[in-house]
Amino acid sequence: MKQEQFVVRHRAEWDAFELWLQAHGDGGRRRPGTAPVGLDDGEVPARYRRLCQQLALARRRGYSTPLLERLQGLMQRGHAVLYRARPPRWRRAAGFLVAGFPQLVRSQAGCMWTSLALFALPLVGLFVLLQWRPELVHHVLDPRQIAQIEAMYDPSDARHALGRDAGSDWQMFGHYVMNNISIGLRTFAGGLLAGVGTILVLIANGVNIGAVAGHLQAIGHGDPFWRFVAGHAPLELTAIVIAGGAGLRLGLGLVAPGRRRRRDALVHAGRIGARLCLGITVMLLLAAFVEAFWSSTQSIPAWGKYGVSAVLWLAVIGWLWRGGHGAPVAGDDDAP
């Protein structure tokens with residue numbers, strides 16, 4: 001076969017492979033702002049093997065140096081992408097938390113905003129309602145629960161002042177870890193019930209938190225309550241909302257699979273949800289640490305508690321809003 005015929009037959013393959021390399025920055029990830037190319041990632045290994053065969057054939061037939069140099073260059077760049085050494089696990093985990101996780105949260109913006117509405121609207125609505133009609137708390141909480149929270153946050157009772165000894169802090173840290181992560185997992189796993197389970201968990205949590213906060217504020221026990229929850233709320237509440245978004249995404253895979261088969265859509269949504277759960281778990285662990293060792297500390301004045309809470313809210317929002325901007329778009333293989 002003449003060189004011209006060889007080039008005409010295979011040029012489209014070489015161009016597609018080169019575009020794929022350019023779009024991924026020769027580093028295996030698509031650069032932000034680049035349009036997707038026609039070559040699917042799953043096709044790349046087979047295309048690379050074909051390219052190596054074509055290079056060997058061109059050498060054997062004695063084709064021109066420029067053609068051999070182009071094929072050799074594509075082969076070397078492809079080899080660098082496909083066979084590059086993976087970074088250490090800790091570095092991949094850190095990179096995912098810093099950039100990949102917020103990118104993934106933003107990529108599911110519709111589910112995340114829906115989750116926020118399902119959680120925040122009942123919470124805020126019930127809190128406001130109880131300032132106007134405080135007796136309605138008895139329709140949400142039973143008398144035993146009401147008595148417990150009133151005693152726990154009674155500002156006039158020194159026995160229930162905020163603060164614990166070091167041993168109790170570690171014990172409560174373990175309790176908060178189990179409690180927080182169980183809530184996050186229930187919220188996410190509820191998506192397997194076509195999203196209905198996630199919706200119910202989000203609304204129930206919003207109603208419960210709104211009832212507790214609204215009742216304590218209405219009876220004058222708001223100060224110790226707000227000082228206690230201010231520190232860990234940014235991490236814990238945000239993690240619950242993200243878990244809800246992951247659960248809703250899972251439910252959409254069942255209810256609205258789109259062009260995918262229902263099974264494939266569920267697997268795809270499950271992979272997204274599983275990666276989101278990695279970041280959610282870290283957030284809930286940090287929230288449990290703050291709750292056990294900071295929130296309960298009574299020697300810190302209210303302005304210190306609220307100041308740290310404001311900083312944490314800004315940090316969490318800024319991380320989710322800007323984290324990963326300008327970085328390569330995370331792929332499925334970027335999870336730790």
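For the single chain, residues carry numbers from 1 onward in sequence order.
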Rounded to the nearest 0.5 Å, how far does [atom2] of [Y] lie from [atom1] of [X]?
| X | Y | atom1 | atom2 | value |
| --- | --- | --- | --- | --- |
| Leu121 | Leu126 | CG | CG | 12.0 Å |
| Leu74 | Leu55 | CG | CG | 9.5 Å |
| Leu51 | Glu18 | CG | CD | 10.5 Å |
| Leu248 | Thr187 | CG | OG1 | 10.0 Å |
| Glu135 | Leu130 | CD | CG | 9.0 Å |
| Asp154 | Phe225 | CG | CZ | 15.0 Å |

Less than 4.0 Å between a side-chain N and a carboxylate O, is that true for Asp15 and Arg11?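 Asp15 and Arg11: not salt-bridged.
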
Between Arg59 and Gln72, does the side-chain hydrogen bond (donor to acceptor under 3.5 Å, both in side chains) criterion hold? Intermediate values first, please. CA-CA 10 Å; Arg59 284 173 174 167; Gln72 178 72 25; 2.4 Å; yes

So do [Y] and [X] actually touch side chain to side chain, heavy atoms under 4.5 Å?
| X | Y | answer |
| --- | --- | --- |
| His221 | His215 | no |
| Leu202 | Ile240 | yes |
| Ile209 | Val212 | no |
| Pro155 | Asp223 | no |
| Ile149 | Leu141 | yes |
| Leu320 | Phe101 | yes |
| Phe119 | Leu237 | yes |

Is the Phe228 ring parallel, tilted or perpendicular to the Tyr153 ring (thresholds 30°, 60°)?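 Rings of Phe228 and Tyr153: tilted, 30 to 60°.
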
Which label fits Trp226 and Phe127: parallel for a plane angle under 30°, tilted from 30 to 60°, or perpendicular past 60°?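 Judged by the thresholds at 30° and 60°, the geometry between Trp226 and Phe127 is perpendicular.
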
On a heavy-atom basis, which atom in [X] and which in [Y] lie closest, and how many Å separate them?
| X | Y | result |
| --- | --- | --- |
| Leu71 | Trp14 | CD2-CE2, 3.4 Å |
| Cys111 | Gly245 | CB-O, 3.5 Å |
| Ala239 | Ile280 | O-CG2, 4.0 Å |
| Ala269 | Arg249 | CB-O, 3.5 Å |
| Leu284 | Gly184 | CD1-CA, 4.3 Å |
| Gly273 | Ala246 | CA-CB, 4.2 Å |

Verify the ring-centre separation between Trp294 and Phe289: is it less than 6.0 angstrom?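 No, ring centres 6.0 Å or more apart.
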
Are His10 and Phe6, when compared by the centres of their aromatic rings, separated by less than 6.0 Å?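 Close enough - the centres of the two rings lie under 6.0 Å apart.
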
So, the side chain of [X] versus the backbone of [Y]: is there a donor-acceptor pair under 3.5 Å, distance only?
| X | Y | answer |
| --- | --- | --- |
| Arg106 | Gly323 | yes |
| Gln217 | Gln131 | no |
| Ser115 | Met112 | no |
| Trp313 | Val308 | no |
| Glu236 | Ala233 | no |
| Asn205 | Val201 | yes |
| Lys305 | Ser295 | yes |
| Gln145 | Asp142 | yes |

Can you tell me if Arg9 and Gln54 form a side-chain donor-acceptor pair at under 3.5 Å?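 No, because no side-chain N or O of Arg9 sits under 3.5 Å from a partner of the opposite role on Gln54.
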
With Ile183, the side-chain contact (heavy atoms from CB on, under 4.5 Å) member among Leu185, Ile181, Asn179: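 Only one of Leu185, Ile181, Asn179 forms a side-chain contact (heavy atoms from CB on, under 4.5 Å) with Ile183, namely Asn179.
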
